[in-house]
Amino acid sequence: MTILDGKKTSNDIKNEIKVEVDKMKANGEKVPHLAAVIVGNDGASLTYVGSKVRACERVGFESTLVKMSSTTSEIELLDKIEELNQDTDIDGFIVQLPLPPQIDTQKVLLAVDPDKDVDGFHPTNFGKMALDMSTFIPATPFGILELLERYDVSTKGKHTVVIGRSHIVGRPMSILMGRKGFPGNSTVTLTHSHTKNITQITSQADIIITALGVPGFLKAEMVKDDAVIIDVGITRVPDEARERGYYITGDVDYDAVSKKASYITPVPGGVGPMTIAMLLKNTLLARERHRAMRK
Ligand code: NAP
């Protein structure tokens with residue numbers, strides 16, 4: 001069994017990006033600039049945004065953190081987005097989800113300039129991804145592709161089962177695994193909460209990607225020998241014995257399933273760190289595109 005080590009791989013990617021940024025600096029060029037907007041004080045969201053800003057610093061990007069109060073109106077947020085769209089110094093930006101209930105998330109995602117949409121959530125970018133056109137691939141699916149590629153995990157002709165159909169992970173992942181090329185060329189089954197006999201489906205899978213947010217959902221008896229297991233789930237389980245008051249776990253019963261798997265991602269240290277590394281890659285791509293557009 002091989003552990004798909006997202007922590008190490010994401011560090012490798014960050015080091016590669018830093019080399020490119022150092023070259024830009026040596027040539028007197030502008031470095032990539034990522035902005036992140038956070039609305040409210042949700043603990044997990046603040047942690048994620050903080051990690052994204054720290055990652056920017058580590059590779060030498062410029063970063064801007066825009067903090068808005070939990071009572072921010074939709075109009076105020078849309079005005080801020082327009083400001084970021086117009087700011088020529090900023091190459092890409094993200095709006096951390098979830099947003100407070102008074103704000104329509106879809107309206108917000110539609111307002112982001114597709115050329116700055118480094119999360120890849122705008123319908124224009126999602127459509128391009130589905131049509132195999134060059135675009136920003138959402139960071140978590142992009143990170144999974146990168147892990148499969150760097151560990152040379154075969155995907156051609158394999159049966160990939162994705163559990164969860166969210167717009168940010170499960171749905172794009174199912175499209176990407178089925179597209180032509182590597183990683184891809186899989187036969188894909190997309191499952192969700194209405195899927196019947198899910199064990200029958202998962203036990204035929206060569207590759208299983210879990211993105212549902214139910215701790216320990218995927219059990220050993222649902223998995224065939226030598227399957228590849230990608231666990232996207234991140235759930236905070238309260239635990240007073242820990243200093244932080246919680247621990248993080250995934251969707252896979254790791255101890256039992258890892259005994260049968262050929263490759264597996266741990267939680268934490270698997271898909272999570274890859275997500276941030278790929279956000280940086282998308283920002284680098286955004287900067288290249290903006291330079292090309294200005295020429
Ligand atoms: P989500 O919006 O929370 O949706 C969950 C999906 O799982 C839905 O499609 C739902 O089906 C399906 N589902 C729920 N219970 C199920 C069951 N018993 N059997 C089969 N399918 C079931 O999904 P998400 O935003 O992708 O998040 C999923 C997990 O990934 C969460 O733990 C989240 O924290 C984590 N995550 C991690 C990263 C990372 O960087 N590693 C990034 C994003 C998300 P229906 O559509 O029928 O409701």
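Keep in mind it's a predicted model, so treat the numbers as computed, not measured. We count residues from 1, following the sequence as given. Scope of the values below: all heavy atoms of this structure, side chains included, with no hydrogens, waters or symmetry mates.
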Beyond-backbone contact of [X] with [Y], side-chain heavy atoms, under 4.5 angstrom:
{"X": "K259", "Y": "M1", "value": "no"}
{"X": "V252", "Y": "V267", "value": "no"}
{"X": "S262", "Y": "T2", "value": "no"}
{"X": "M177", "Y": "L148", "value": "yes"}
{"X": "I168", "Y": "T140", "value": "no"}
{"X": "R236", "Y": "T47", "value": "yes"}

Query - side chain to side chain contact (heavy atoms under 4.5 Å, CB included) between F126 and R171, intermediate numbers included - result: CA-CA 10 Å; F126 200 96; R171 186 81 54 89; 4.0 Å; yes
Within the distance-only criterion (no hydrogens, no angle test), does the side chain of [X] pair as donor or acceptor with the backbone N or O of [Y] below 3.5 angstrom?
{"X": "T191", "Y": "V162", "result": "yes"}
{"X": "Y151", "Y": "D5", "result": "yes"}
{"X": "T64", "Y": "A35", "result": "no"}
{"X": "T275", "Y": "V271", "result": "yes"}
{"X": "D251", "Y": "G213", "result": "yes"}
{"X": "S10", "Y": "A277", "result": "no"}
{"X": "N197", "Y": "Q200", "result": "no"}
{"X": "Q96", "Y": "A36", "result": "no"}
{"X": "N27", "Y": "E29", "result": "no"}
{"X": "N282", "Y": "I137", "result": "yes"}

Over all atoms of both residues, closest heavy-atom pair of [X] and [Y]:
{"X": "D91", "Y": "A286", "answer": "O-CB, 3.5 Å"}
{"X": "L279", "Y": "A139", "answer": "N-CB, 4.0 Å"}
{"X": "T160", "Y": "S186", "answer": "OG1-OG, 2.8 Å"}

Query - D206/K224 ion pair, N-O < 4.0 Å - result: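 Yes, charged N to carboxylate O under 4.0 Å.
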Is it the case that more than 12 heavy atoms not belonging to [X] sit under 6.0 Å from its [atom1] atom?
{"X": "K18", "atom1": "NZ", "value": "no"}
{"X": "K80", "atom1": "NZ", "value": "no"}
{"X": "K7", "atom1": "NZ", "value": "no"}
{"X": "L131", "atom1": "CG", "value": "yes"}
{"X": "K8", "atom1": "NZ", "value": "no"}
{"X": "K30", "atom1": "NZ", "value": "yes"}

Answer with yes or no whether the hydrophobic clustering places [X] together with [Y]; edges join I, L, V, M, F, W, Y residues whose side-chain heavy atoms lie under 4.5 Å apart.
{"X": "I230", "Y": "F142", "result": "yes"}
{"X": "V153", "Y": "L147", "result": "yes"}
{"X": "I94", "Y": "L109", "result": "no"}

Requested in this report: Let me see the working for K23 and E20 under salt bridge (charged side-chain N to carboxylate O under 4.0 Å, His left out), right down to the final yes or no.
Outcome: CA-CA 5 Å; K23 271 191 221 152; E20 288 199 45; over 6 Å; no
Let me confirm one number: the [atom1]-[atom2] distance from [X] to [Y], rounded to the nearest 0.5 Å.
{"X": "T105", "Y": "H167", "atom1": "OG1", "atom2": "NE2", "value": "11.5 Å"}
{"X": "M274", "Y": "M278", "atom1": "CE", "atom2": "CE", "value": "5.5 Å"}
{"X": "K128", "Y": "H122", "atom1": "NZ", "atom2": "NE2", "value": "10.5 Å"}
{"X": "L99", "Y": "K107", "atom1": "CG", "atom2": "NZ", "value": "13.0 Å"}
{"X": "T187", "Y": "Q204", "atom1": "OG1", "atom2": "CD", "value": "12.0 Å"}
{"X": "L78", "Y": "I103", "atom1": "CG", "atom2": "CD1", "value": "8.0 Å"}

Requested in this report: Compute both the distance and the angle, then confirm whether R289 meets the cation-pi test with F136: under 6.0 Å from the six-membered ring centre, within 45 degrees of the axis.
Outcome: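 Judged by the rule, R289 and F136 form a cation-pi pair.
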Query raised in the report: Are Q86 and E82 linked by a side-chain donor-acceptor pair shorter than 3.5 Å?
Result: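 The answer is yes; a qualifying pair exists.
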Query raised in the report: Which residues satisfy the side-chain hydrogen bond (donor to acceptor under 3.5 Å, both in side chains) test with D117, sequence neighbours excluded?
Result: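 For D117, the residues satisfying side-chain hydrogen bond (donor to acceptor under 3.5 Å, both in side chains) (neighbours in sequence not counted) are N125.
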Query - The single option from D87, D89, T88 passing side chain to side chain donor-acceptor pair (under 3.5 Å) against H33 - result: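 Among the candidates, only D89 passes.
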Query raised in the report: Yes or no on side chain to side chain contact (heavy atoms under 4.5 Å, CB included) for D12 and E16, after CA distance, side-chain angles and deciding distance?
Result: CA-CA 6 Å; D12 292 347; E16 290 160 18; 4.3 Å; yes
